[in-house]
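Okay, structure first, notes after.
Keep in mind it's a predicted model, so treat the numbers as computed, not measured. Per chain, numbering begins at 1; letters A, B, ... match sequence-line order.
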2 protein chains.
Amino acid sequence: MPKSTFFNLSEEKKKRIFDAAVQEFSTRRFSEASISQIVKNAGIPKGSFYQYFADKEDIYLYMVEKVSQDIHEIIGAFNPDASFFENIMQRAEGTIKVGKMRPEYTKIGALTVIDNSEFILQLLRASNKKYIEIIERDKQRGLIKMEIDSEVVIKLIYIFVFNEYLYSGFDETRYLKKVESAVQIIKEGIAIHQD
Amino acid sequence: MPKSTFFNLSEEKKKRIFDAAVQEFSTRRFSEASISQIVKNAGIPKGSFYQYFADKEDIYLYMVEKVSQDIHEIIGAFNPDASFFENIMQRAEGTIKVGKMRPEYTKIGALTVIDNSEFILQLLRASNKKYIEIIERDKQRGLIKMEIDSEVVIKLIYIFVFNEYLYSGFDETRYLKKVESAVQIIKEGIAIHQD
DNA sequence: TTATAATATGACGGGGTGGTCACACGCAGT
DNA sequence: ACTGCGTGTGACCACCCCGTCATATTATAA
């Protein structure tokens, strides 16, 4: 958590720092991102940074939290009763939507998922937990085969959704098509068919 | 390609340099790997490195080529008539086998797949081409649904196989189980069932 | 107004990296 | 034995990074 000195700052300055963090973390992976760059982009002295934040992890977590809030606002609340498939498609569409409104945010996601520092791995594990629960519930509901490994499912999709974003670049239609294909394949692979 | 001076070196020295490269590239991503480290590990002077190689890409490509040869020897020639599924399972088992005999090699693969420098992206595209052809052929054979996007299939698996290796770490049984689950899901998702 | 506490600042030390270059070495041919 | 050329060598330059710290500045309280 940022130090109290940071929260005492003017909204304008806080925003400048947040924007600088977004700028840096949407360009380079967490492990490659540089505090010096953030400081430069934000137009604050090096010393001040350490007055506000403990280290890179600190500002990263702060940024991620704010970004998550923004994203939730864009995507809208998700329906807890919806099936896993509906959830995933919503998430995929959400990624597109966010990609349109805040391309930097999707880039942050893409770069996060291909970082393998211990810090980031923990973050991802936590963020996947929610989806794993939905899959488990859908198994009980008879929508998904019992023998399916939920962790594998979510990881397959998760990695693909972001990784593909890096490949597709700006080509949104292509991206959407690829993600839909992937989700379709996995859906076909794990669903219980009721013909 | 390394310069002629490199190939004139004694086998022992060439091996020392190769080993140093493997050591470095199995620890850090291509974009993070350091020539200084390779030089230190190999016990050769900085100047000599540039006498042998043009830059990091140069030694990387040289290393990848040698590693590929080694891997092919371990896995054995692949049967061109085998179905895509058989190929993929062979590849998965191959990854395990290589992981046992040359854990560094599998780490290189894992780190490669999560690098996103343009240089590495090109390398991956080239390496996936072969599998895409097999999928296309199996579509004609009536084994795989025509509407499936081959690129998506191979990317799903490719990314997962290596990414999971990073997560599972040394736990081979876990890794094997996860990969099998993933392949099973995708197989179920793209195959034409002939009941 | 003055004293005290909080915050701002940027130069600096210590560390790492890539690539070069002047010089040392040793071997081949005369 | 001497010359010349390919090769070996590591100090060096320019660049980047992190985190600190002594000092300057501002805000607050007395």
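- No engagement by B:Phe53 is indicated, since no non-hydrogen atom pair under 4.0 Å with the nucleic acid exists.
- Spacing between atom CG of B:Asn8 and atom C1' of D:dC5 amounts to 14 Å, rounded to whole angstrom units.
- Rounded to whole Å, atom P of C:dT7 lies 12 Å from atom NZ of A:Lys13.
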Contact pattern, 5' to 3', of nucleotides 22-29 of chain D - B, S or - by protein heavy atom under 4.0 Å: --------
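- Put simply, the side chain of B:Glu151 does not reach to within 4.5 Å of the side chain of B:Ile135, judged on heavy atoms.
- Here the C1' atom of nucleotide D:dG6 and the CZ atom of B:Phe6 are 18 Å apart, to the nearest Å.
- The distance between atom CD of A:Glu57 and atom C1' of D:dG19, rounded to the nearest whole Å, is 15 Å.
- Within a 6.0 Å radius of NZ in B:Lys145, other residues, nucleotides and ligands contribute more than 12 heavy atoms.
- Remark: P of C:dA8 and NZ of A:Lys14 are 13 Å apart, rounded to the nearest angstrom.
- Side-chain atoms of A:Thr5 come within 3.5 Å of backbone N or O of A:Gln51 as a donor-acceptor pair.
- Distance, A:Ile44 CD1 to D:dG19 P: 14 Å, rounded to whole Å.
- A:Ile38 comes within contact range of no nucleotide atom at all, as no heavy-atom separation falls under 4.0 Å.
- Take A:Tyr167 and apply the side-chain hydrogen bond (donor to acceptor under 3.5 Å, both in side chains) test, not counting sequence neighbours, and it matches no residue.
- Here the C1' atom of nucleotide D:dC18 and the CD atom of A:Glu24 are 14 Å apart, to the nearest Å.
- In this structure, B:Lys56 satisfies the cation-pi test against B:Phe30, with its NZ or CZ atom closer than 6.0 Å to the six-membered ring centre and inside 45 degrees of the ring normal.
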message: Does B:Glu164 form a side chain to side chain contact (heavy atoms under 4.5 Å, CB included) with A:Lys155? I'd like the steps, not just the answer.
response: CA-CA 9 Å; B:Glu164 185 58 36; A:Lys155 212 179 280 181; 2.8 Å; yes
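- Distance check: B:Ile185 CD1 to A:Ile190 CD1 gives 6.5 Å after rounding to the nearest 0.5 Å.
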- prompt: When you look at A:Phe85 and A:Val183, which way does the side chain to side chain contact (heavy atoms under 4.5 Å, CB included) test go after all the steps?
  reply: CA-CA 8 Å; A:Phe85 303 120; A:Val183 171; 5.8 Å; no
query: For nucleotides 15-26 of chain C, read 5' to 3', which letter fits each nucleotide if B means a protein heavy atom sits under 4.0 Å from the base, S means only the sugar-phosphate is that close, and - means neither?
result: --SBBB------
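- Taking 4.0 angstrom as the limit, A:Ser48 places a side-chain polar atom (N or O) nearer than this to OP1 or OP2 of C:dT9.
- Remark: B:Lys14 NZ is packed, more than 12 non-hydrogen atoms of other residues, nucleotides or ligands lying under 6.0 Å away.
- Atom CZ of B:Arg16 is separated from atom P of D:dG8 by 11 Å (rounded to the nearest Å).
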